[in-house]
Trainee: 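My questions all concern the structure below.
Read the numbers this way: they start at 1 and go in the same order the structure lists the ligands and their atoms.
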Amino acid sequence: MDLSDARTLDLFLQVYGTLPRAGPGADAHTVRALGSVPGVMPRTVLDLGCGPGAQTTALAGALPEARILAVDLLPWMVDEASRRFAAAGIQDRVEARVGDMAEPPVGPHSQDLIWCESAIYSLGVTKALQTWRRSLADGGTVAFTEPIWLVDSPPEEIRSWWQAEHPSITDDAGIRSRVEAASYRTITSFPLPASAWWDGYYEPMVTRVEDLKARLPRDPRAIDVVTAAETEIDCFRRFGDTYSYAFFIVQPAD
Ligand SMILES: C[S@@+](CC[C@H](N)C(=O)[O-])C[C@H]1O[C@@H](n2cnc3c(N)ncnc32)[C@H](O)[C@@H]1O
């Protein structure tokens, strides 16, 4: 699937950009991760790779005093997130903006909390943490999710699918090493359960995919989007006990 092709990207966003979440996760896990953030309640929060903004809205609910800036590369996602913030009545303190997580659009040492669900792959864990260090206030925390293996020897079929999709996939200890390489320490980590993949992500994705198939049954670009989504869902159905996303809550070590 070639997402640099504008029509393919549009079809992709018709599926992924309208889901409750654009990656595995659920409000309960967002709130659980927030509960592991040390110190006083964060008042400045930066949500990088916000997608349609589900976790941003959950954070806003749990942090009624916080100002939150949600950033995504894609204007579609930012528009969708802005609509959801307005619908939730939080637009006076939660803003969505187009931007790149490689250059967070905030002042130095300004953020109590940097959040990144299912999006840190864009920079890789070590580089992302190094890049975001200068935006963190003293005592600040970063929370992110990344895919991890849950077993020592995953079957070859799923190993090679991940190799093609996200070759840097590792296990919990592997992510902790990348955190350490950025001069951070891991406060805690926990894997997401299978429900976090199905409820707000794959189940609604199945409906979007069926709709796309019915509307554009012979469009090669639509078929590419459908095939990628169906393959991904099939992988999780068969091998979902061998991998998941996990939350990592980390702080600079110094
Ligand atoms: C898998 S989605 C996850 C979205 C959301 N955090 C969620 O969990 O529902 C990844 C998001 O990261 C965004 N993204 C990728 N690279 C980015 C970058 N360099 N800067 C900002 N956003 C980026 C994508 O546009 C996409 O919306």
Side-chain angles (χ1 to χ4, degrees), residues 1 3-4 6 8-34 45-61 68-85 88 94-106 111 113-132 135 142-147 162 165-166 168-169 191-193 195-205 208 225 228-229 232-233 236 243-248:
M1 182 172 44
L3 293 180
S4 64
T8 307
L9 179 63
D10 183 59
L11 293 166
F12 173 85
L13 288 170
Q14 288 177 30
V15 173
Y16 288 82
T18 63
L19 296 169
R21 282 180 174 255
D27 291 359
H29 309 303
T30 299
V31 170
R32 175 178 168 194
L34 184 61
V45 181
L46 180 63
D47 182 10
L48 295 171
C50 65
Q55 70 293 322
T56 330
T57 306
L59 289 170
I68 308 182
L69 177 61
V71 171
D72 202 283
L73 266 186
L74 293 174
W76 170 301
M77 291 297 193
V78 169
D79 290 347
E80 179 66 22
S82 297
R83 266 193 296 278
R84 295 187 191 187
F85 299 159
V94 182
E95 181 196 349
R97 199 187 294 172
V98 174
D100 188 342
M101 68 173 76
E103 291 175 20
V106 293
Q111 302 302 304
L113 179 62
I114 296 181
W115 208 264
C116 188
E117 286 196 40
S118 307
I120 202 169
Y121 65 82
S122 174
L123 293 181
V125 170
T126 303
K127 182 163 179 226
L129 294 178
Q130 287 168 338
T131 302
W132 303 340
S135 304
V142 179
F144 65 90
T145 62
E146 258 290 85
W162 273 102
E165 291 295 316
H166 189 81
S168 65
I169 185 171
L192 299 181
S195 60
W197 294 72
W198 288 114
D199 297 351
Y201 189 49
Y202 284 156
E203 275 172 12
M205 193 187 295
R208 309 288 193 283
V225 172
E232 184 186 330
I233 294 169
F236 190 74
Y243 62 90
S244 190
Y245 269 75
F247 251 110
F248 292 82

Trainee: Could you tell me which atoms of ligand 1, counted from 1 in the order shown, lie closer than 4.0 angstrom to a heavy atom of D100?
Mentor: 18 (C), 19 (N), 20 (N)
Trainee: May I ask you to identify the nearest protein heavy atom to atom 20 (N) of ligand 1, giving residue, atom name and distance to one decimal place in Å?
Mentor: M101 N, 2.9 Å
Trainee: Please list the nearest protein heavy atom to atom 4 (C) of ligand 1 with its residue and the distance rounded to 0.1 Å.
Mentor: G49 O, 3.4 Å
Trainee: With atoms numbered from 1 as shown, which atoms in ligand 1 lie under 4.0 angstrom from a non-hydrogen atom of R21?
Mentor: 9 (O)
Trainee: Look at the aromatic rings of W197 and F236 and report parallel, tilted or perpendicular, splitting at 30° and 60°.
Mentor: parallel
Trainee: In the structure I gave you, are the side-chain heavy atoms of D47 and V94 within less than 4.5 Å of one another anywhere?
Mentor: no
Trainee: At their closest point, which heavy atom of D72 faces which heavy atom of C50, and how far apart are they?
Mentor: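 Shortest heavy-atom separation between D72 and C50 comes out as OD2-N, 3.4 Å.
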Trainee: Give a yes/no verdict on whether any heavy atom in G99 is under 4.0 Å from an atom of ligand 1.
Mentor: yes
Trainee: Check whether more than 12 heavy atoms from other residues, nucleotides or ligands sit under 6.0 Å from atom CZ of R208, and answer yes or no.
Mentor: yes
Trainee: Measure the distances from the heavy atoms of A102 to every atom of ligand 1 and state whether one is below 4.0 angstrom.
Mentor: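 The answer is no: ligand 1 sits nowhere under 4.0 Å from a heavy atom of A102.
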Trainee: Measure the distance from atom 18 (C) of ligand 1 to every protein heavy atom, then report the residue, atom name and distance (to 0.1 Å) of the closest one.
Mentor: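 Atom 18 (C) of ligand 1 sits closest to the protein heavy atom L73 CG, 3.4 Å.
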Trainee: Relative to the heavy atoms of A119, which atoms of ligand 1 are at a distance of less than 4.0 Å?
Mentor: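 In order of numbering, the contacting atoms are 10 (C), 12 (O).
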Trainee: Do L46 and M101 make a side-chain contact, defined as non-hydrogen atoms from C-beta onward lying under 4.5 Å apart?
Mentor: no
Trainee: Excluding sequence neighbours, so at least two apart, what forms salt bridge (Lys or Arg N to Asp or Glu O under 4.0 Å) with E95?
Mentor: R97
Trainee: Might you work through the side chain to side chain contact (heavy atoms under 4.5 Å, CB included) test for W76 and T18, ending with a clear yes or no?
Mentor: CA-CA 10 Å; W76 170 301; T18 63; 4.1 Å; yes
Trainee: Judged on heavy-atom distance to atom 5 (C) of ligand 1, which of P75, C50, S118, S122 sits nearest?
Mentor: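 The nearest heavy atom belongs to C50.
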Trainee: Spell out, as yes or no, whether a donor-acceptor pair under 3.5 Å connects the side chain of T145 to the backbone of S118.
Mentor: yes
Trainee: Counting heavy atoms only, which of A22, P20, A70, P104 comes nearest to atom 1 (C) of ligand 1?
Mentor: A22
Trainee: Looking at ligand 1, is there an atom of it that comes within less than 4.0 Å of some heavy atom belonging to L48?
Mentor: no
Trainee: By number and element, which atoms of ligand 1 are closer than 4.0 Å to a non-hydrogen atom of L74?
Mentor: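 Counting atoms of ligand 1 from 1, those under 4.0 Å from L74 are 25 (O).
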Trainee: Can you tell me if R84 uses its side chain to pair, donor with acceptor, with the backbone of P20 under 3.5 Å?
Mentor: yes
Trainee: Enumerate the atoms of ligand 1 whose separation from the nearest heavy atom of Q55 is less than 4.0 angstrom.
Mentor: 5 (C), 6 (N), 7 (C), 8 (O), 9 (O)
Trainee: Can you name the atoms of ligand 1, numbered from 1 with element, that are less than 4.0 Å from a heavy atom of M77?
Mentor: 27 (O)
Trainee: For Y16, enumerate each residue passing the ring pair (Phe, Tyr, Trp, His ring centres under 6.0 Å) test, keeping only those at least two apart in sequence or located in another chain.
Mentor: F12
Trainee: Closest non-hydrogen protein atom to atom 13 (C) of ligand 1, residue and atom name please, with distance?
Mentor: D72 OD2, 3.3 Å
Trainee: Quick one: which ligand 1 atoms are inside 4.0 Å of a heavy atom on G23?
Mentor: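 Answer for ligand 1: 9 (O).
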Trainee: Taking the side chain from T131 and the backbone from A102, do they hold a donor-acceptor pair closer than 3.5 Å?
Mentor: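 No; zero donor-acceptor contacts below 3.5 Å.
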Trainee: I'd like to know whether ligand 1 has Y121 as a neighbour, heavy-atom separation below 4.0 Å.
Mentor: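 Right, Y121 reaches ligand 1.
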